[in-house]
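Have a look at the structure below, then the notes.
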Amino acid sequence: MTNAHIADAFDLIGDILDFKGENPFRVRAYRNASRTIRDYPESLAAMVELGKEKLKAIEGIGDDLAAKIMTLVQTGSLPQLEDLKAQVPESVLALLRIPGVGPRKAAALHKELGIKTLAELKAACDAGKVQKLKGFGVKTEQIILQGMSIAEQAHQRMYWAEANQIVADLREHMADCRSIEQLEFTGSYRRGKETIGDLDILVVSDDVNQVMDRLGKYPEITQTLARGDTKMSIRVASGLQIDLRVVPAESFGAALQYFTGSKEHNVILRGMAKDKGLKINEWGVFRVKGDKEERIAGASEKEVYDTLKLPVFPPELREGRREFEWAASGKLPELITEKDIRGDLHMHTTATDGSASIEEMVAAARARGLAYIAITDHSQRVSMARGLNPQRVLEQWAEIDNIREKLPKGFTLLKGIECDILEKGGMDLPDDVLAQADWVIASIHYGQKQPRQQITERILGAIENPHVSMVAHPTGRLLNRREAYEVDLDAVFAAAKKHGKLLELNANPQRLDLNDVYCAAARQHGIPIVINTDAHSPDGLEMLRYGILQARRAGLTKDDVANTRTWVQMKKLVGKK
DNA sequence: GCCGTTTTCGGCCCGACTGTTTTCAGTCG
């Protein structure tokens, strides 16, 4: 039973209770717990053996939820959840996913019209039955129909890197609007989340209409969802929603803080404010005296956080995880930046599936100011990419020896290999070959659907191989496309720690593997992370920035990341001579 | 359902916008 399984169960309970119209705070308790558990660095199943008190020490887990976790882990199911599922068919919960339909409307549709599925809802709308319900109307019916088609588009979250393109495009478009004094993209984009659900633009201007008119002329726009005095929402061709807020300059900081979120971060912040007789909203910070309110801050984020004697948290840390605890103990990590990185230890060339030569990759790396790189083409098992057999890899390393002679001092070119971990276990190249490398990466590309124990044992076997220095993309997930394979990361962390091996944060925006939660867990275990681009072309080296963002979300400092060190220091770290 | 120097009850962040109302509920972020 993984943390994700437990979190899924609590999410489902939350959804059903929400649908049933239960106390919203009770619903929130389940959702909070789910989130905390999903992000929790230790395995709850292991903690269950240490007893209930251990579980109750987790924020948001009380007597009741601790008992439910124990039942779930020990028996594999939860009677309460089975009960709820019997009362509300799971297909009904899909109604809640339609934008514009919340628990009240979903319940009305289910109760009054007996609707159980999206197909039935569509039929009811088409027949005009929905608009006759109390609290519904013609407009509501249309919104539901539109919302359903959006849901059917299997609307995926966008990679941060893609969102970043749209941000650049929108910045350019909005730059033509003269009255804009300040403009910032907020929300999950600013927090650097790996995927983005929608984009939020915050603007200071004394001419709201001019700003909204300009956004309305964005060429990609397909629909204006709302337009009020301060807020406007549009949808663009890709299905992405863009929300605009216009505020006065005196509120810019408060609004920037507010719309950057996360929601969880803000809930904690406002709770703290309330305890001190303050109120924080998007317009400012206010001292509450009876029914009078005195405005005391709001122009900058610093002003807002200062009122609570808090640091201006880097946006990447604002997830309501551990940032307030860190701030209270003065241990807010100084997050890694792109310029801290000295080397890149995972990239490909034309020898396998890359598009550039070794020399071209070297030139690109030097242009980017790196001091060392490892060429790590695929091993023979990856036949699709013409992976290297022992003879070819030795030839490549001989070629590297030649290139080295022409390189200036201060730049180090390393003989590396991305060696597959075979399906049956063991490495794809013989030890006497691996022994000649400067840098050996172990990767899983095949047999990703094997059971948990088998995959875990394969990775542990690789970690125990004395020639291996790092495990690449340790969970194999591809965002929006492929789930992580089943692997016992607790065991991987323990083995990496024991054998002094490193784990990768692969900076490819579709991988970002390890994810932020696991990178944070690795940090707690004292296992250095290596941020690599896995570049297949010179431009691919630019992907570093996505890995840095993810590392910052994990709270990693320069020290937590191995390739901020010189190669000489790195060698020592992985026990190479 | 959680939580606690206002501590075992009574709170739980807060406001904008829309549609269906005629003063507000529902939804969203």
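Within every chain, numbering begins at 1; the chains are lettered A, B, ... in the order of the sequence lines, protein sequences first and strands thereafter. All of these numbers come straight from a predicted model, not from anything done at the bench. Both backbone and side-chain heavy atoms feed into the values below; hydrogens, waters and symmetry mates do not.
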CG (A/Asp213) and SG (A/Cys177) are apart, to the nearest 0.5 Å, by 8.5 Å

Name the nucleic acid region contacted by A/Ile268, choosing base, sugar-phosphate or nothing; use a 4.0 angstrom heavy-atom cut-off, strictly under. nothing

Angle class for the A/Tyr30/A/Phe10 ring planes (parallel below 30°, perpendicular above 60°, tilted otherwise)? perpendicular

Determine the contact category for A/Val247: base if any of its heavy atoms lies under 4.0 Å from a base atom, sugar-phosphate if only primed atoms, P, OP1 or OP2 are that close, otherwise nothing. nothing

Do A/Tyr258 and B/dG15 have a side chain to base donor-acceptor pair shorter than 3.5 Å? no

Base, sugar-phosphate or nothing for A/Pro24? Non-hydrogen atoms, less than 4.0 Å. nothing

Does the structure show a Watson-Crick or G-U wobble partner for B/dT8, both distances under 3.5 Å? Name it, or say none. none

Taking side chain as C-beta onward, heavy atoms only, is A/Phe136 less than 4.5 Å from A/Glu141? no

Regarding A/Val27, tell me which of base, sugar-phosphate or nothing describes its non-hydrogen contacts under 4.0 Å with the strands shown. nothing

Would you please confirm or rule out a distance under 4.0 Å between OP1 or OP2 of B/dC13 and any side-chain N or O of A/Asn266? no

Nearest to side-chain heavy atoms of A/Arg270, which nucleotide of B/dG1, B/dC14, B/dG19: B/dC14

NA contact type, A/Arg104, heavy-atom cut-off 4.0 Å: base, sugar-phosphate, or nothing? sugar-phosphate

Backbone of A/Glu316 reached by a side-chain donor or acceptor of A/Glu319 within 3.5 Å: no

Of the nucleotides B/dT27, B/dC14, B/dC17, which has the atom closest to the A/Ala226 side chain? B/dC17

Assess A/Arg523 against A/Trp326: is NZ or CZ under 6.0 Å from the centre of the six-membered ring, and within 45 degrees of the ring's axis? yes

Please state how far atom CD1 in A/Ile58 lies from atom P in B/dC3, giving the value in whole angstrom units. 11 Å

Look at the side chain of A/Ala29 and decide which nucleotide, out of B/dA16, B/dG1, B/dG29, has an atom nearest to it. B/dG1

Indicate, with a heavy-atom threshold strictly under 4.0 Å, whether A/Asp64 touches base, sugar-phosphate, or nothing. sugar-phosphate

Answer with base, sugar-phosphate or nothing: what part of the nucleic acid does A/Tyr30 contact at a heavy-atom distance below 4.0 Å? sugar-phosphate

Would you say A/Thr140 places a side-chain N or O within less than 4.0 Å of OP1 or OP2 belonging to B/dT20? yes

Residue whose closest nucleotide on DNA chain B lies nearer the 5' end, A/Lys231 versus A/Asp275: A/Asp275

d(CD1, A/Ile234; C1', B/dC17) in whole Å: 17 Å

Let me know the distance between CZ of A/Phe259 and P of B/dC28, rounded to the nearest Å. 17 Å

Any side-chain N or O of A/Arg26 below 4.0 angstrom from OP1/OP2 of B/dG1? yes

Kindly say if A/Trp283 contacts the phosphate of B/dC14, meaning a side-chain N or O under 4.0 Å from OP1 or OP2. no

Assign each of A/Gln80 and A/Asp200 the nucleotide of DNA chain B bearing its closest heavy atom; nearer the 5' end lies the nucleotide of A/Gln80

Short side-chain N/O contact to B/dG1 OP1/OP2 from A/Lys68, under 4.0 Å: yes

Describe the nucleic acid contact of A/Lys263 in one word from base, sugar-phosphate, nothing, applying a heavy-atom distance below 4.0 Å. base

Where the side chain of A/Lys279 is concerned, which of B/dC14, B/dA16, B/dC12 is the nearest nucleotide? B/dC14

Under 4.0 Å between any heavy atoms, over every strand shown, what does A/Lys134 touch: base, sugar-phosphate, or nothing? Just pick one. nothing

Is the phosphate of B/dC17 approached by A/Ser233 (side-chain N or O, under 4.0 Å from OP1 or OP2)? no

Closer than 4.0 Å, any side-chain N/O of A/Arg28 to the OP1 or OP2 of B/dC13? yes

Considering every strand and a 4.0 Å limit on heavy-atom distances, what is the contact class for A/Asn23: base, sugar-phosphate, or nothing? base

With heavy atoms under 4.0 Å as the rule, sort A/Lys56 into base, sugar-phosphate or nothing. nothing

A/Ile6 and A/Arg38, any side-chain heavy atoms less than 4.5 Å apart: no

Atom CG of A/Leu278 and atom C1' of B/dC13 are separated, to the nearest Å, by 14 Å

Whole-Å C1' distance, B/dG11 and B/dA16: 25 Å

Between A/Glu184 and A/Arg190, does any side-chain N to carboxylate O distance fall below 4.0 Å? no

To the nearest Å, give me how far apart CD1 (A/Ile144) and C1' (B/dG26) are. 12 Å

So A/Arg245 and A/Asp200, do their side chains get closer than 4.5 Å, heavy atoms only? no

Taking any heavy-atom pair under 4.0 Å as a contact, classify A/Leu269: base, sugar-phosphate, or nothing. nothing

For the side chain of A/Arg245, counting heavy atoms from C-beta on, which of B/dC17, B/dC14, B/dA16 is nearest? B/dA16

